[in-house]
Amino acid sequence: MSRLVMKFGGSSVADIERIRNVARHVKREVDAGHEVAVVVSAMSGATNKLVDFCRELSVLHDAREYDTVVASGEQVTTGLLAIALQTIGVEARSWQGWQIPILTSNAHGSARIEGIDASEIIKRFKERREVAVIAGFQGMYPDTSRITTLGRGGSDTSAVAIAAAIKADRCDIYTDVDGVYTTDPRVVPKAKRLDKIAFEEMLEMASLGAKVMQVRSIELGMVHRVRIFVRSSFDKPEDIDPHSNQPPGTLICDEEEILEQQVVTGIAFSKDEAQISVRQVEDKPGVAAAIFGPLAEANINVDMIVQNISPDGLTTDLTFTVPSSDFEKAKATIAKAQAQIGYGRIDSATDVTKVSVIGVGMRSHAGIAAKAFKALAERGINIRAITTSEIKFSVLIDAAFTELAIRTLHSLYGLDKS
Ligand code: ASP
Ligand code: MG
């Protein structure tokens, strides 16, 4: 017998028929003798609608009331799934975040989970073989007893946190894709599903643009060593053997669990980047501080940074990227600090893509990035900026070359499906 968390996203609970389908997936695991906690999202589109309602009333709405409103989507699906389970003879009870309770910080709208008391749920596993159907995305700030939410996509984080709290053997993330791919299959049809991916790699993939899971959920899995299995909810529940230890999907796990480690595991990309170049800044100590200090104060996350050498020893150019959503704010911040920085002009571009190549094997192999630079150059793709770290490197290129660049790199590192 194992203890499992099964998490179902919005598209998996989109309507009553889909909820019935979820119930059959759950029944399969219960019948196999497992103790099961289910975490659900709101029906697809429901959260967007609730967010829009708040915005329509006031752009500057009270974050506590926002949480009250948007947390309601998950309340609906917990109740419906509990009914669906009871209907097919499975003992089940719904739980809201505050009922468990899932305690969080008071950062309404993007709260962090700080503690979960899972004792009642475990007791009911033992005494009644009861499935716990838990609302994802939400928790409670204990000092005020108010409902909080964990940020968009937060039910992944709820699921992993609950898996850690009940010491589950695995946290299954049921979604509309059947696993994690080497890159987005819509861009590269030859992309293949990975059987396993290390926590660190998945964290990079998600942070750098792959939209499979909320970044924080992977961080949490890594810290608490929760094995996470990404799989499809569209498979017919009856077609899956609950006893087989590897149904189709991708296991996110410790590096040590992966025997055949490739040098490159995957390629992620993000179009949500913007480039800003500050031209003709004086080449003297303190200039970087004068530029990046005000950006940090404005809470703007700077990602790639390139400083050119100054041919004349007098002035230089400094290029960096920021999230597109902060682009206007970043430009305004730099403009405001013009006197302190002292620069000629600002150039910028929003039609850029950051392409990132990821793999823990890079730690022990030299020349991985150099190979990419050469291949991109041969395709006439200009690199605007580069960053590297231990297990990944990223290049910023013109958005028009996104597909060509990703396909080129995907073949270059032998990731194409054979
Ligand atoms: N329903 C929430 C959202 O759409 C949480 C989630 O689905 O993970 O962001
Ligand atoms: Mg999601």
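Ligands are counted one by one from 1 in listed order, and the atoms in each one are counted from 1 as well. Sequential numbering from 1 along the given sequence is applied to the chain's residues.
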(request) Hey, could you give me each pair passing ring-ring contact (aromatic ring centres under 6.0 Å, His included) that has a residue in residues 65-97? Not counting sequence neighbours. (result) H61-Y66
(request) Could you tell me whether some N/O pair between D156 and ligand 1 is separated by less than 3.5 angstrom? (result) no
(message) Any heavy atom of G154 closer to ligand 1 than 4.0 angstrom?
(response) yes
(request) Would you check if there is a donor-acceptor pair between the side chains of D178 and Y181 at a distance under 3.5 Å? (result) yes
(request) With heavy atoms of R152 as the reference, note each atom of ligand 1 found under 4.0 Å away. (result) 3 (C), 4 (O), 9 (O)
(message) Keeping R170 on the side-chain end and S2 on the backbone end, is there a donor-acceptor pair under 3.5 Å?
(response) no
(message) Please list, in number order, the atoms of ligand 1 under 4.0 Å from a heavy atom of S41.
(response) 6 (C), 7 (O), 8 (O)
(message) Keeping Q99 on the side-chain end and Q96 on the backbone end, is there a donor-acceptor pair under 3.5 Å?
(response) yes
(request) Output yes when the distance from some N or O of ligand 1 to some N or O of K7 is under 3.5 Å, and no in every other case. (result) no
(request) Identify, by atom number and element, the atoms of ligand 1 in contact range of G153, meaning under 4.0 Å from any of its heavy atoms. (result) 3 (C), 5 (C), 6 (C), 8 (O), 9 (O)
(message) Checking contacts here: is it the side chain or the backbone of E74 that comes within 4.0 Å of ligand 1, counting heavy atoms only? Could be both or neither.
(response) side chain
Donor-acceptor list for residues 291-304 side chains, cut-off 3.5 Å, not counting sequence neighbours:
from	atom 1	to	atom 2	distance (Å)
D303	OD2	K354	NZ	2.5

(request) Indicate whether any N or O donor in one side chain lies under 3.5 Å from an N or O acceptor in the other, for S277 and Q275. (result) yes
